Amino acid sequence: MELIIVKNYEEASDLAFEHMIEVVKSNPKANLGLATGSTPIGLYDRMVKDHQTNGTSYKEIKTFNLDEYFGLDPQHEQSYYRFMYEHLFKDIDINLDNTHVPSGVGDIQENCNQYNALLKENPIDIQLLGIGGNGHIGFNEPGTAFDSVTHYIELKQRTREDNARLFFNGHLEEVPTHAITMGISNIMAAKKVLLIACGENKADAIVKMVEEEPSVDCPASALKNHPNCVCIVDEAAASKLSK
Ligand code: GLP
């Protein structure tokens with residue numbers, strides 16, 4: 001795992017953009033694993049700006065998102081599909097048929113099976129990740145097995161509170177209690193993993209991920225076993241590291 005400490009969110013987004021665009025430019029048919037949450041917004045803004053000013057094309061790119069809330073229709077204003085559409089898809093030349101977000105409605109086990117099959121057919125070239133305050137990646141909460149594949153999961157209270165603060169206008173009761181998420185082994189199968197962590201709220205999770213032995217208590221710690229994982233961490237998120 002390569003750990004790169006940068007000053008702030010802007011620098012983290014700039015550097016993440018460089019990693020992402022290198023993959024897109026070297027392979028115009030790349031499969032991108034994408035993430036939601038507040039962290040990747042700066043990166044998506046840069047991808048949109050680059051597309052508009054430099055014409056980088058996403059016509060043959062396919063995208064695969066990590067997760068979706070259970071029970072939210074893609075058109076729901078807090079769904080992760082909607083997030084991706086508003087922050088990225090609508091402003092680049094991607095074919096929407098090539099964008100994939102797990103479905104949180106309908107037969108959830110069937111949705112998991114279909115997503116696993118899709119990921120098998122489409123190996124991911126770069127998987128973008130944020131990290132939860134409790135060390136979750138995607139919606140793989142602490143306790144999730146490292147060999148997990150796409151599954152249905154109950155969200156921890158802290159995850160729902162964090163996501164209520166940033167989204168859902170602060171209304172905890174509106175945050176779904178469950179989600180569908182790629183499993184840790186799906187994430188580990190990506191050729192490259194790019195994790196971004198910014199802000200003090202992530203400092204404890206970063207210490208666990210970096211300084212402790214891989215353990216299901218901190219799902220992100222699985223990444224230590226990935227052969228090509230770059231973690232971009234700002235000074236605030238790195239502030240509790242001992243070395
Ligand atoms: C959610 C998402 C994760 C994301 C996390 C952190 O739980 N499922 O993929 O990494 O939030 O969000 P933020 O970037 O807003 O801190």
Side-chain angles (χ1 to χ4, degrees), residues 6 8-10 12-13 16 20 32-46 63-72 76 78-84 86-88 100-104 112 115 124 126-144 148 150-170 172 174-184 186-188 190 193-206 208-209 218-223 229-234 236-238:
V6 296
N8 53 31
Y9 181 69
E10 293 306 309
S13 303
M20 184 60 80
L32 310 181
L34 298 180
T36 49
S38 54
T39 306
I41 292 176
L43 164 61
Y44 295 153
D45 286 348
R46 283 157 179 76
T63 66
F64 301 87
N65 264 77
L66 286 165
D67 48 12
E68 180 59 282
Y69 287 113
F70 176 64
L72 297 195
H76 188 284
Q78 295 295 346
S79 80
Y80 281 165
Y81 179 81
R82 182 81 177 265
F83 175 100
M84 290 309 304
E86 297 296 340
H87 288 283
L88 185 67
H100 306 276
V101 178
S103 171
C112 293
Y115 212 65
I124 289 182
I126 183 168
Q127 177 63 58
L128 176 64
L129 295 175
I131 184 170
N134 63 3
H136 73 244
I137 47 176
F139 267 136
N140 291 284
E141 294 281 31
T144 306
S148 53
T150 306
H151 61 286
Y152 173 68
I153 192 161
E154 181 172 9
L155 301 178
K156 302 277 186 201
Q157 179 73 5
R158 173 166 183 189
T159 300
R160 295 184 61 239
E161 285 168 4
D162 285 347
N163 289 353
R165 215 173 29 250
L166 296 167
F167 302 98
F168 295 92
N169 304 313
L172 179 61
E174 289 177 16
V175 182
T177 55
H178 292 73
I180 174 172
T181 181
M182 266 190 212
I184 295 179
N186 300 121
I187 292 170
M188 293 295 283
V193 172
L194 178 64
L195 181 143
I196 316 172
C198 293
E200 245 183 82
N201 193 35
K202 306 294 169 69
D204 289 324
I206 293 303
K208 277 195 162 183
M209 176 182 83
C218 177
S221 66
L223 301 172
C229 174
V230 175
C231 297
I232 302 173
V233 179
D234 79 349

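In this text, all values refer to a predicted model and were calculated from it rather than measured experimentally. As the structure lists them, so they are numbered: ligands from 1, and atoms in each ligand from 1.
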Engineer: Do me a favour and list the nearest non-hydrogen protein atom to atom 2 (C) of ligand 1 with residue, atom name and distance?
Structural biologist: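 For this ligand atom, the closest protein heavy atom is Tyr80 OH, 3.6 Å.
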
Engineer: Numbering the atoms of ligand 1 from 1, which are under 4.0 Å from a heavy atom of Gly130?
Structural biologist: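 Near Gly130, the atoms of ligand 1 are 10 (O).
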
Engineer: Indicate yes or no for a side-chain donor-acceptor contact from Glu68 to the backbone of Ser103 under 3.5 Å, with no hydrogens or angles considered.
Structural biologist: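 Flag not set: sc Glu68 to bb Ser103 has no pair under 3.5 Å.
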
Engineer: Short list, please: which atoms of ligand 1 are under 4.0 Å from a heavy atom of Leu166?
Structural biologist: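 Checking each atom against Leu166, I get 15 (O).
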
Engineer: Under the 3.5 angstrom rule, does the side chain of Tyr80 hit a backbone N or O of Gly37 as a donor-acceptor pair?
Structural biologist: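 It does not hold such a pair.
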
Engineer: Considering only heavy atoms of Asp67, which atoms of ligand 1 have at least one such atom less than 4.0 Å away?
Structural biologist: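 That gives atoms 2 (C), 8 (N), 9 (O) of ligand 1.
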
Engineer: What protein heavy atom sits nearest atom 5 (C) of ligand 1, and how far off is it?
Structural biologist: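 Result: His136 NE2, 3.7 Å.
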
Engineer: Using only atom types and a distance under 3.5 Å, with no angle test, would you say the side chain of Tyr69 pairs donor to acceptor with the backbone of Gln78?
Structural biologist: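 Side chain of Tyr69 to backbone of Gln78, a donor-acceptor pair under 3.5 Å: no, none is there.
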
Engineer: Nearest protein heavy atom to atom 16 (O) of ligand 1, by residue and atom, and its distance?
Structural biologist: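 I find the closest protein heavy atom is Lys202 NZ, 2.6 Å.
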
Engineer: Name the closest protein heavy atom to atom 4 (C) of ligand 1, giving the residue it belongs to and the distance to 0.1 Å.
Structural biologist: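 Scanning the protein heavy atoms, the shortest distance from atom 4 (C) of ligand 1 goes to Thr36 O, 4.0 Å.
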
Engineer: Provide, to 0.1 Å, the distance between atom 11 (O) of ligand 1 and the closest protein heavy atom, together with that atom's residue and name.
Structural biologist: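 For this ligand atom, the closest protein heavy atom is Asn163 OD1, 3.7 Å.
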
Engineer: With a sphere of 6.0 Å drawn around CD of Glu200, does it hold more than 12 non-hydrogen atoms of other residues, nucleotides or ligands?
Structural biologist: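 Open: at most 12 neighbouring heavy atoms sit under 6.0 Å from CD of Glu200.
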
Engineer: Determine yes or no for a side-chain-to-main-chain donor-acceptor pair under 3.5 angstrom, with Thr181 supplying the side chain and Asp67 the backbone.
Structural biologist: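 Pair absent, no side-chain N/O of Thr181 close to backbone of Asp67.
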
Engineer: Can we say Arg158 and Asp162 salt-bridge, meaning some charged N sits less than 4.0 Å from an Asp/Glu carboxylate O?
Structural biologist: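 A salt bridge links Arg158 with Asp162.
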
Engineer: Using a strict cut-off of 4.0 Å, indicate which atoms of ligand 1 neighbour a heavy atom of Phe139.
Structural biologist: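 Listed by number with element: 1 (C), 7 (O), 8 (N).
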
Engineer: Checking side chain to side chain contact (heavy atoms under 4.5 Å, CB included) against Asn134, which of Gln157, Glu141, Lys208 comes through?
Structural biologist: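 Checked Gln157, Glu141, Lys208 against Asn134; only one passes side chain to side chain contact (heavy atoms under 4.5 Å, CB included): Glu141.
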
Engineer: Regarding Glu10 and Arg46, does a basic nitrogen lie under 4.0 Å from an acidic carboxylate oxygen?
Structural biologist: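 Looking at Glu10 and Arg46, the cut-off is met.
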
Engineer: Backbone or side chain, does any N or O of Thr159 fall under 3.5 Å from an N or O of ligand 1?
Structural biologist: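 For ligand 1, there is no N or O atom that lies under 3.5 Å from one belonging to Thr159.
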
Engineer: At under 4.0 Å between heavy atoms, is it the side chain or the backbone of Phe83 that contacts ligand 1, or both, or neither?
Structural biologist: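 Contact part for Phe83 vs ligand 1: neither.
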
Engineer: Using heavy-atom distances, let me know which of Thr39, Ile131, Ile41 sits nearest atom 6 (C) of ligand 1.
Structural biologist: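 Shortest heavy-atom distance from atom 6 (C) of ligand 1: Ile131.
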
Engineer: Between the side chains of Tyr115 and Asn186, does any donor sit under 3.5 Å from an acceptor?
Structural biologist: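 No pair is found: no donor N or O on one side chain lies under 3.5 Å from an acceptor on the other.
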
Engineer: Between the candidates Gly37, Pro40, Gly138, Ala35, which shows the shortest non-hydrogen contact distance to atom 12 (O) of ligand 1?
Structural biologist: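 The residue whose heavy atom sits nearest atom 12 (O) of ligand 1 is Gly37.
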
